[in-house]
Amino acid sequence: MAGSGTPERTVRFVDEFRDAELGRVLAGELLAAADPGRHYKLMEVCGGHTHAIYKYGIDDLLPDNVELVHGPGCPVCVIPMGRVDDGIAIAHEPDVILTCFGDMLRVPGSHGTLLDAKAQGADVRMVYSPLDALRIAREQPERQVVFFAIGFETTAPSTALTLKRARAEGIENFSVVCNHVTIVPPLRALLESPDLRLDGFIGPGHVSTVVGARPFQFIPQQYGKPVVISGFEPLDVLQSALMLLRQLGDGRCEVENQYARVVPYDGNAAALRVMGEVFALRPHFEWRGLGFISQSGLRLSDTYADFDAERRFATPGVRVADPKACQCGEVLKGVIKPWECKVFGTACTPERPIGTCMVSSEGACAAYYNFGRFARRHERAAV
Ligand code: SF4
């Protein structure tokens with residue numbers, strides 16, 4: 001930890017990754033590494049980084065000419081309204097128990113949320129893991145238990161392993177609505193977007209524990225932008241920003257791995273193998289605010305098609321436009337900051353979200369709102 005000009009120090013425990021003194025050292029090194037004649041725009045891909053940035057005030061430690069923009073890596077934020085409607089339709093089927101992660105309960109569809117469906121009598125239950133859903137199926141063989149699966153490559157292996165276990169145990173009343181997505185296609189779409197000019201990426205640490213650092217090589221090779229795969233503690237994010245500025249200063253353009261304590265370059269072979277067995281790529285998948293992106297979503301493979309809830313139940317399968325007031329797409333693309341959305345903190349709050357970015361703690365709007373950044377910014381402006 002810490003860069004040139006400071007003594008190297010081994011950091012192992014979580015409180016050391018939040019060490020204020022080391023944070024100040026890194027802030028000084030960032031200031032020294034930033035070219036004052038240049039404006040830097042760095043995207044943190046992952047919602048976990050957005051959360052850490054707002055929670056620990058990391059943006060306040062960066063030089064004024066280093067701007068962080070938030071990327072599409074929040075799994076709840078990217079679920080489009082039509083998929084929520086599909087989940088609600090299945091939840092209203094007779095004898096169905098629909099299970100999902102807690103954040104998913106409050107994601108708005110076109111006529112409410114899964115929580116609203118529960119209030120209307122549907123049996124919707126929060127689970128912490130797909131294995132919890134499988135346990136319910138085991139305990140209640142007379143009911144159909146459906147798991148509404150979301151997430152990037154980080155959570156997809158646990159869904160895959162659950163399906164393998166369901167098959168091994170011969171559990172037939174269990175199925176999955178597969179909304180798993182992959183990280184590389186939306187990054188490519190962002191890089192192709194004329195809306196956005198970025199200087200580099202703070203790469204997604206959680207996803208990379210599964211896919212490794214290798215899949216991000218296309219970013220420097222084809223788009224000439226550096227990437228630093230980053231951990232989630234405040235010093236991780238500061239050090240990753242410093243590594244990006246140093247690459248830019250040196251004229252280098254590489255994938256570097258700041259999170260090497262967790263992320264192997266080639267990823268987790270066992271997790272990738274089980275995903276390859278259980279899932280197949282969809283030709284395209286709709287992302288909230290980003291539209292359809294080719295080969296960006298996963299479905300159940302033909303071998304596991306009998307566990308596919310979309311085959312077992314009729315769903316509307318209709319594309320639903322986001323509410324007019326919602327600017328989640330622009331937030332997810334890093335085109336606007338959360339507080340620049342017209343309904344931020346007024347019509348859209350964590351208690352009554354209009355858009356998905358206000359639902360999950362990893363959503364940029366919720367993170368910004370919950371850690372009081374909006375209020376502090378205005379207080380500062382008023383002084
Ligand atoms: S404030 Fe609400 S509607 Fe606006 S971008 Fe954020 S989540 Fe979406």
Side-chain angles (χ1 to χ4, degrees), residues 41 43-55 57-59 67-85 87-88 100-116 148 150-152 179 181 186-187 189-190 193 195-196 198 285-293 319-379 381:
K41 223 173 182 181
M43 172 173 275
E44 89 273 3
V45 173
C46 184
H49 290 138
T50 308
H51 179 92
I53 287 162
Y54 288 146
K55 180 173 180 185
I58 290 168
D59 46 346
E67 181 187 356
L68 293 177
V69 294
H70 321 301
C74 157
V76 169
C77 303
V78 300
I79 297 293
M81 295 184 94
R83 300 293 293 180
V84 180
D85 288 354
I88 290 171
C100 63
F101 295 140
D103 285 351
M104 196 56 231
L105 286 171
R106 298 190 306 116
V107 175
S110 63
H111 296 100
T113 63
L114 282 163
L115 205 56
D116 295 327
F148 193 87
I150 63 162
F152 288 84
N179 301 288
V181 287
L187 290 182
L190 281 174
S193 164
D195 294 346
L196 197 59
L198 294 170
F285 190 77
E286 187 190 0
W287 293 57
R288 170 89 59 147
L290 306 180
F292 284 92
I293 301 178
R319 186 179 186 205
V320 182
D322 290 335
K324 277 208 176 65
C326 176
Q327 291 184 271
C328 288
E330 285 147 285
V331 170
L332 288 168
K333 285 189 278 191
V335 174
I336 64 167
K337 305 286 187 192
W339 66 89
E340 292 174 314
C341 173
K342 289 185 278 299
V343 292
F344 176 90
T346 53
C348 186
T349 62
E351 291 74 36
R352 301 185 74 81
I354 290 178
T356 46
C357 302
M358 195 59 100
V359 174
S360 163
S361 63
E362 292 191 9
C365 298
Y368 201 84
Y369 187 96
N370 287 333
F371 294 113
R373 310 294 293 160
F374 186 60
R376 265 185 269 164
R377 181 186 169 86
H378 280 255
E379 278 163 22

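Positions are given from 1 along the sequence. Read the numbers this way: they start at 1 and go in the same order the structure lists the ligands and their atoms.
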Just jot down the ligand 1 atoms closer than 4.0 angstrom to any heavy atom of [X], in number order.
| X | answer |
| --- | --- |
| M358 | 7 (S) |
| F344 | 1 (S) |
| V343 | 3 (S), 4 (Fe) |
| V331 | 5 (S) |

Tell me the protein heavy atom at minimum distance from [atom], and give that distance in Å.
| atom | result |
| --- | --- |
| atom 6 (Fe) of ligand 1 | C365 SG, 2.3 Å |
| atom 2 (Fe) of ligand 1 | C348 SG, 2.4 Å |
| atom 8 (Fe) of ligand 1 | C328 SG, 2.4 Å |
| atom 4 (Fe) of ligand 1 | C341 SG, 2.3 Å |

Nearest atoms (heavy-atom pairs only) where I354 meets P108
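Closest approach of I354 to P108, heavy atoms only: O-CG, 3.5 Å.
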
Got a donor-acceptor contact below 3.5 angstrom from the [X] side chain to the [Y] backbone?
| X | Y | result |
| --- | --- | --- |
| D85 | G82 | no |
| R106 | P350 | yes |
| D103 | S360 | no |
| E44 | L68 | no |

How many angstroms lie between CD in E330 and CG in L290, if you round to the nearest 0.5 Å?
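Reported value, rounded in 0.5 Å steps: 11.0 Å.
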
What do we get for C357 next to ligand 1 when only non-hydrogen atoms under 4.0 Å count, side chain, backbone, both or neither?
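It is both backbone and side chain that touch ligand 1.
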
Below 4.0 Å, non-hydrogen atoms only: which portion of C326 touches ligand 1? Side chain, backbone, both or neither.
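Both of them.
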
Test applied, side-chain contact (heavy atoms from CB on, under 4.5 Å); reference residue, E362; option that passes from C77, C357, C74
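Of all the options given, the one that passes is C74.
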
